[in-house]
> 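Pasting a structure below so you can have a look.
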Amino acid sequence: MKKTFLLSAILFFSISTKLLAQNSKRSKQNKPPVQERVISVDFSKSSNALNTFFKECVGAGRANEGLRADWQQQLAYVKKECGFKYIRMHGLLTDDMAVYKEDSKGNPVYNYMYVDALFDFLQSIGMKPFVELGFMPGYLASGNRTIFWWKGNVTPPKDYDKWGALIKNLTEHFTERYGADEVKTWYFEVWNEPNLTPGFWTGTQEEYFKLYKYTAQAVKSVNKEYRVGGPGTAGAAWEPEMIAYCHKNNVPIDFVSTHSYGVNQGFLDEYGNSGTVLAKEEFAVSGDVLQSRKEIATSPIPNLELHYTEWSASYTPADPIHDSYHEASYVLQKMKQVGHAANSMSYWVFTDIFEEPGPRFEPFHGGFGMLTIQGINKPVFYAYQFLNRLGNIELVNNDAASWICKDSSGNIQALVWDYTYTIPDSTNNQQYFIRDLPSRSKGKLKINMANIPNGNYALEVYKVGYRNNDAYTTYLDMGEPQQLTKQQVEQIKKQNDGSAILKEIITVKNGVPFSKELEIRENDVFFLNIIKL
């Protein structure tokens, strides 16, 4: 009986082993292969100088906020790390800047004290104003319609001649204070989003064109080489009409400006109360830019500059995608798609010190900024920091989601990302991006670089993604405190300080290509810095 039992056990074990082996083999056959994304470049093959349109300009809420010490400190930091050249903001002529009033006889009284303080600061940190001319001073306003908590008047002037005289006097003041050669490098943009009526403009398109004419002629009367443009519309609107009007009426125009955001509904959410849904379309935002360039190219003035003076994933100041790690890869994806179509793409905005819906104190409230009110770097900040670290020469590269560059010292930089749309249907941004959102694997990323000169190099690898320079998720881990203590702010900053995730010394010799393999997940961003020693 023992012998029979032993034979049965051996037979059972043998059959079980065969079945396990067959199931294992079948499982391996059914398991999808590991994804591999390979980027191959040749150090000796350059394409062109890197187009740095992405850091030409950045946005800010309103001029009066620029008088604050914390705003100025944050802008100096963002300028240093991200390299922005220009800054654009609302409300330069609004009453809280005290620019214009009239005496008892109705004569204009001009005062540029606050404007000077702001623009002098910009000059001190090496930035220039992209001058948005608006909103309407109370003494000149034809009505009392305002927008935002800080009450920017959005009505046409009751006296266009006095409006023109204000613009001329302001332009003369700039010339006297900063010099004509400096002001020639600025841009003057007339108003903001006049197609959104009555939100930003209570007049008609025809009345906006009249405002533009008076403004442009006033600027050019001081110096014909000063650059003026518009219409600064929402949703890439009015561009052909604007160009046609200026061409037909011999009104000066040097550039076209407009805005685009990556959500599908509406164009104005004044107080941040609307639900928004990130557009699924592959060319959301970037498609608008490409179309704008096409409209200019086929117009009677085909060589006009194109400036997107506002853009982001979402137009509302309460959209948690702005705080999410998804925003970093989204921004890079859109700017790569734009190519050379725009002269600038001004991210809206650099800081959450931004008071359109009123002062906010919540640490992460979906604000537009690259930094929180407390100066915590959001993931999108690092996207712009990485862009600013790219060398000035692009290498030939067929990958659609990367820039590979080198500089004159022989250093190499690779900025690579994954952009994956992950929002479930029937879910809006305000429901989705407030969650802890673990990312799924996208397999292996392999970067090959041929013909790098022999020598020793320091390799640094930086990353943004889920729980990598992902301050919002750190905040969730803290239990979402309504207000942060100084210690909590420092803890979040320390855990998301942009430090390299890998540093090593590599040696290139005998013509052997350099290769680096990394695990990449949804919406990861990698920056590789290869420094010649």
Side-chain angles (χ1 to χ4, degrees), residues 57-82 84 87-91 118 127 148-150 152 261-263 269-274 276 310-328 330-331 346-385 429-430 433-434 464 469-476 478 480-486 488-493 495-498:
C57 190
V58 72
R62 83 184 197 274
N64 190 267
E65 290 156 5
L67 303 176
R68 289 174 51 163
D70 52 355
W71 186 100
Q72 293 186 2
Q73 290 162 3
Q74 288 195 19
L75 182 61
Y77 170 66
V78 168
K79 160 65 179 174
K80 177 177 176 289
E81 295 296 326
C82 304
F84 294 114
I87 186 165
R88 173 189 178 267
M89 63 202 81
H90 301 324
L118 174 59
M127 292 193 76
F148 303 136
W149 170 79
W150 43 267
Y261 290 93
V263 286
D269 186 15
E270 186 176 350
Y271 293 106
N273 297 321
S274 299
T276 45
E310 288 184 28
W311 87 280
S312 177
S314 174
Y315 59 76
T316 177
D319 195 325
I321 190 174
H322 295 137
D323 299 337
S324 171
Y325 68 89
H326 292 70
E327 182 82 351
Y330 181 89
V331 161
S346 181
Y347 187 78
W348 188 256
V349 292
F350 85 90
T351 177
D352 278 352
I353 300 171
F354 179 94
E355 297 179 340
E356 287 182 0
R360 301 293 297 265
F361 61 85
E362 305 91 341
F364 291 90
H365 55 266
F368 286 116
M370 297 162 58
L371 308 179
T372 69
I373 295 166
Q374 301 84 2
I376 297 168
N377 298 340
K378 298 185 189 181
V380 70
F381 166 85
Y382 289 110
Y384 278 99
Q385 185 191 61
N429 293 0
Q430 285 73 13
F433 288 106
I434 59 171
V464 171
N469 292 307
D470 176 14
Y472 180 68
T473 303
T474 305
Y475 170 71
L476 293 180
M478 284 183 171
E480 305 173 69
Q482 195 172 31
Q483 296 191 54
L484 294 173
T485 65
K486 287 184 178 181
Q488 288 171 324
V489 170
E490 289 309 309
Q491 182 183 338
I492 296 175
K493 286 182 175 182
Q495 287 183 228
N496 302 278
D497 66 356

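Please read all numbers here as calculations on a predicted model, not as lab measurements. Positions are given from 1 along the sequence.
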> Output yes when a side-chain donor or acceptor of His365 lies under 3.5 Å from a complementary backbone atom of Ala318, and no otherwise.
no
> Considering only heavy atoms from C-beta outward, does the side chain of Gln374 approach that of Lys493 to under 4.5 Å?
no
> By salt bridge (charged side-chain N to carboxylate O under 4.0 Å, His left out), which residues pair with Glu356, not counting sequence neighbours?
none
> Determine whether Met89 and Val349 make a side-chain contact, defined as any pair of heavy atoms from C-beta on separated by less than 4.5 Å.
no
> Rounded to the nearest 0.5 Å, what's the gap from CD on Gln483 to CZ on Phe361? Could you check?
5.5 Å
> So how far is it from Gln74 CD to Met370 CE, rounded to the nearest 0.5 Å?
10.5 Å
> Would you call Gln430 and Thr276 a side-chain contact if the rule is heavy atoms closer than 4.5 Å?
yes
> Residues two or more places apart in sequence or in another chain: which of them pass side-chain hydrogen bond (donor to acceptor under 3.5 Å, both in side chains) with Asp497?
Ser499
> Side chains of Glu480 and Gln482, heavy atoms from C-beta outward: is any pair under 4.5 Å?
no
> How many angstroms lie between CG in Asp352 and CG in Leu371, if you round to the nearest 0.5 Å?
8.0 Å
> Suppose we screen for ring-ring contact (aromatic ring centres under 6.0 Å, His included). Which residues come up paired with Tyr77, at least two apart in sequence or across chains?
Phe381
> For Arg360, what residues pass the salt bridge (charged side-chain N to carboxylate O under 4.0 Å, His left out) criterion, not counting sequence neighbours?
Glu362
> Parallel, tilted or perpendicular: which describes the rings of Phe364 and Tyr475, with under 30° parallel and over 60° perpendicular?
tilted
> State which residues pass side-chain hydrogen bond (donor to acceptor under 3.5 Å, both in side chains) with Asp269; sequence neighbours excluded, sorted by chain then number.
Ser274, Thr316
> State, to 0.1 Å, how close Ala328 and Ala383 come at their nearest heavy-atom pair, and which atoms those are.
O-CB, 3.9 Å
> Could you tell me which residues satisfy salt bridge (charged side-chain N to carboxylate O under 4.0 Å, His left out) with Glu327, sequence neighbours excluded, listed by chain and number?
none
> Going by ring-ring contact (aromatic ring centres under 6.0 Å, His included), name the residues that satisfy it together with Phe84, two or more places apart in sequence or in a different chain.
Tyr384
> Can you tell me how the ring of Phe350 sits relative to the ring of Trp71, calling it parallel under 30°, perpendicular over 60° and tilted otherwise?
perpendicular
> Do the side chains of Thr372 and Leu484 get nearer than 4.5 Å, heavy atoms only?
no
> Does Tyr382 have any ring-ring contact (aromatic ring centres under 6.0 Å, His included) partners at least two apart in sequence or in another chain, and if so, which?
none
> Can any side-chain N or O of Asn496 pair as donor or acceptor with the backbone N or O of Asp470 at less than 3.5 Å?
yes
> Fit a plane to each ring of Phe354 and Trp348, take the angle between them on a 0 to 90° scale, and name the class: parallel (under 30°), tilted (30 to 60°) or perpendicular (over 60°).
perpendicular
> Which atom pair, heavy atoms only, marks the closest approach of Phe433 to His326?
CE2-CG, 3.6 Å
> I'd like to check the side-chain contact (heavy atoms from CB on, under 4.5 Å) partners of Glu270; sequence neighbours left out, ordered by chain and number.
Ile147, Phe148
> Suppose we screen for side-chain hydrogen bond (donor to acceptor under 3.5 Å, both in side chains). Which residues come up paired with Glu65, at least two apart in sequence or across chains?
Arg62
> Would you call Ser312 and Tyr347 a side-chain contact if the rule is heavy atoms closer than 4.5 Å?
yes
> Who pairs with Asp323 by salt bridge (charged side-chain N to carboxylate O under 4.0 Å, His left out), at least two apart in sequence or on another chain?
Lys378
> For the CD1 atom of Ile434 and the CG atom of Asn429, what is their distance to the nearest 0.5 Å?
11.0 Å
> Output the distance between atom SG (Cys57) and atom CE (Met127), rounded to the nearest 0.5 Å.
7.0 Å
> Using every non-hydrogen atom in the two residues, find where Ser346 and Gly59 come nearest and quote the distance to one decimal.
OG-N, 3.3 Å
> Going by side-chain hydrogen bond (donor to acceptor under 3.5 Å, both in side chains), name the residues that satisfy it together with Ser314, two or more places apart in sequence or in a different chain.
Asp319
> Once you round to the nearest 0.5 Å, how far does OG1 of Thr485 lie from CE of Met478?
7.0 Å
> Using the side chain to side chain contact (heavy atoms under 4.5 Å, CB included) rule, take Val489 and Ile376 through it: C-alpha gap first, then chi angles, then the decisive distance, then the call.
CA-CA 7 Å; Val489 170; Ile376 297 168; 4.3 Å; yes
> Tell me whether Asn469 contacts the main-chain N or O of Val464 through its side chain, where contact means a donor paired with an acceptor under 3.5 Å.
no
